[in-house]
Amino acid sequence: MVVHVALTGATGFLGLRLLRRLLATHRSVTVLVHAGSGDALRRITRFFELTGAPEAFTAGLADRLRVVETELEQPRLGLPESVFRELADGLGAIWHSAGSINLEGDLPELRRTNLEGTRHVLELAAAGRGRPLVHHVSTAFVAGGRREGVAYEDELNDTYGFENAYEHSKYEAEKLIHAWSREHTRPVVVLRPSILVTDLPPHPELPPHPLQVVERIMREARHTARPGSPDRDGRPRVRLVGHRHGRLNLIQVEHAAEIMVRLAGRTPSGGVDTYHVVHDRDVPVPTVVTLLERLGPVSIELVATEPDDPSPLESVLKFYPGLTAYLAHRRRFDDTRVRTLLGPSAASDRVDLGYLWSGLAAPSADSPSTPHF
């Protein structure tokens, strides 16, 4: 049976990798893109060109992709009713990857995209005569402000609060999905990746990834705030709350997309099936600190509590909870369900300082981009 698939967020960092995997198993894909965002087909094609796709593959994209401009924040995705109905009736599966990862945004702003966008994707799913299966890309960080212990896939509560509004908005989107699944007696697959990374060097025609956002924050903070006392190498010293035995989970975006699409091939239970798409080995916080020190460049000291006498630079960085809060995390994301279903192939290649730096350091003019096709 041919199942036609729609994908939101197809021009984003993860969405492009999901699209690559979906095109490997589907003859065609409908990409739901933000209205007025530019030539989506050109940007998608350029991504495949830059990541080593065969010329025959990129030449055939125009025939395999149907581009529909939508407004996720609007009912019926901002489409005329007739177009909305026709779209809904033609789908067998919907992948919802679009969303805002703005760690600096406030909750009302992030709700418009992450919560209301999910609501309107579910509206599309409910309207389809084929009862399309929804695959919702969430985040492992709906676990919120819990900094120790184990976060399990079936857990979804706000007991510990949230480190930032992004986490909160994604939590609310998952709560909405559970309510929708019960109301419509429909299955939904929820995929919770950890922090997505790549070793593909930055390129102006490729979408940025989360660590590039961190790089921008560090750069802007250095430019807007007077540094504190320097270390012996002349770098500004920065005290950040963190734990030297802490750890963060970072997973290669290509591997995450592969796992997600493979999980989508499993028969759903009938309710909400949630999977942690995470690396099997956490990255120690000292490795992340070394990366931040290179990006600054700064000298970072991990402290137990906020300093009483913050320097201007420390005060600026405090306004970016998405950057600094995770340095105190020692929790682990349980992914027993994924490893049980996929076996050893769920294991990831090593993510270390060299890998992370490769995804942030611009290549030399004569260095070709690494093929990732």
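Heads up: numbering here begins at 1 and tracks the sequence. Note: hydrogens, waters and symmetry copies are ignored here, and every other heavy atom, side chains too, is used.
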Hey, what do you get for [atom1] ([X]) to [atom2] ([Y]), rounding to the nearest 0.5 Å?
{"X": "L72", "Y": "N114", "atom1": "CG", "atom2": "CG", "value": "10.0 Å"}
{"X": "N249", "Y": "H329", "atom1": "CG", "atom2": "NE2", "value": "12.5 Å"}
{"X": "I217", "Y": "L292", "atom1": "CD1", "atom2": "CG", "value": "10.0 Å"}
{"X": "R119", "Y": "L124", "atom1": "CZ", "atom2": "CG", "value": "15.0 Å"}
{"X": "L313", "Y": "M218", "atom1": "CG", "atom2": "CE", "value": "7.0 Å"}
{"X": "L107", "Y": "R112", "atom1": "CG", "atom2": "CZ", "value": "10.0 Å"}

Where the side chain of [X] meets the backbone of [Y], is there a donor-acceptor pair that is under 3.5 Å apart?
{"X": "D199", "Y": "S358", "answer": "no"}
{"X": "E167", "Y": "F162", "answer": "no"}
{"X": "T8", "Y": "S97", "answer": "yes"}
{"X": "T70", "Y": "L77", "answer": "no"}
{"X": "R331", "Y": "R146", "answer": "yes"}
{"X": "E123", "Y": "R76", "answer": "yes"}

Compare all side-chain heavy atoms of [X] with those of [Y] and state whether any distance is below 4.5 angstrom.
{"X": "L19", "Y": "L65", "answer": "yes"}
{"X": "V137", "Y": "L18", "answer": "yes"}
{"X": "E71", "Y": "H120", "answer": "no"}

Could [X] and [Y] be called an ion pair, given the rule that one side-chain N must be under 4.0 Å from one carboxylate O?
{"X": "E163", "Y": "R147", "answer": "yes"}
{"X": "E306", "Y": "R239", "answer": "no"}
{"X": "R337", "Y": "D273", "answer": "no"}
{"X": "R111", "Y": "E172", "answer": "yes"}

More than 12 heavy atoms of other groups within 6.0 Å of [X] [atom1]:
{"X": "R266", "atom1": "CZ", "answer": "no"}
{"X": "D349", "atom1": "CG", "answer": "no"}
{"X": "E205", "atom1": "CD", "answer": "yes"}

Quiz prompt | Pair I251-I195, side-chain contact (heavy atoms from CB on, under 4.5 Å): steps then yes or no | solution = CA-CA 6 Å; I251 185 171; I195 300 171; over 6 Å; no
Exercise. Sequence neighbours left out, what passes side-chain contact (heavy atoms from CB on, under 4.5 Å) with A264? Give chain and number order.
Key: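 side-chain contact (heavy atoms from CB on, under 4.5 Å) list for A264, sorted by chain: W95, H135.
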Quiz item: side-chain contact (heavy atoms from CB on, under 4.5 Å) with A127: which residues, sequence neighbours excluded?
Solution: F84, R85, A88
Quiz item: Would you call the rings of H243 and H245 parallel, tilted or perpendicular, where under 30° means parallel and over 60° means perpendicular?
Solution: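 Tilted: the ring planes of H243 and H245 meet at 30° to 60°.
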Quiz item: Can you pull the ring pair (Phe, Tyr, Trp, His ring centres under 6.0 Å) pairs that have at least one residue in residues 267-302, sequence neighbours excluded?
Solution: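 Residue pairs with at least one partner in residues 267-302: H276-F333.
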Self-check item: Residue pairs passing the ring pair (Phe, Tyr, Trp, His ring centres under 6.0 Å) test where at least one lies in residues 183-208, sequence neighbours excluded
Solution: W180-H184
Quiz item: Hydrophobic clusters join Ile, Leu, Val, Met, Phe, Trp and Tyr when side-chain heavy atoms are under 4.5 Å apart, directly or via other members; which others share one with Y152?
Solution: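 Y152 clusters with V150.
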Quiz item: Which other residues belong to the hydrophobic cluster containing V241, where Ile, Leu, Val, Met, Phe, Trp and Tyr are joined when side-chain heavy atoms lie under 4.5 Å apart, directly or via other members?
Solution: V303
Self-check item: side-chain contact (heavy atoms from CB on, under 4.5 Å) between E153 and V338, worked out
Solution: CA-CA 10 Å; E153 291 159 310; V338 174; 3.8 Å; yes
Quiz item: Are Y171 and L176 joined in one hydrophobic group, where the rule is that I, L, V, M, F, W and Y side chains link up if heavy atoms are under 4.5 Å apart?
Solution: no
Quiz item: Do V33 and L206 share a hydrophobic cluster, counting only Ile, Leu, Val, Met, Phe, Trp and Tyr and linking them when any side-chain heavy atoms are less than 4.5 Å apart?
Solution: yes
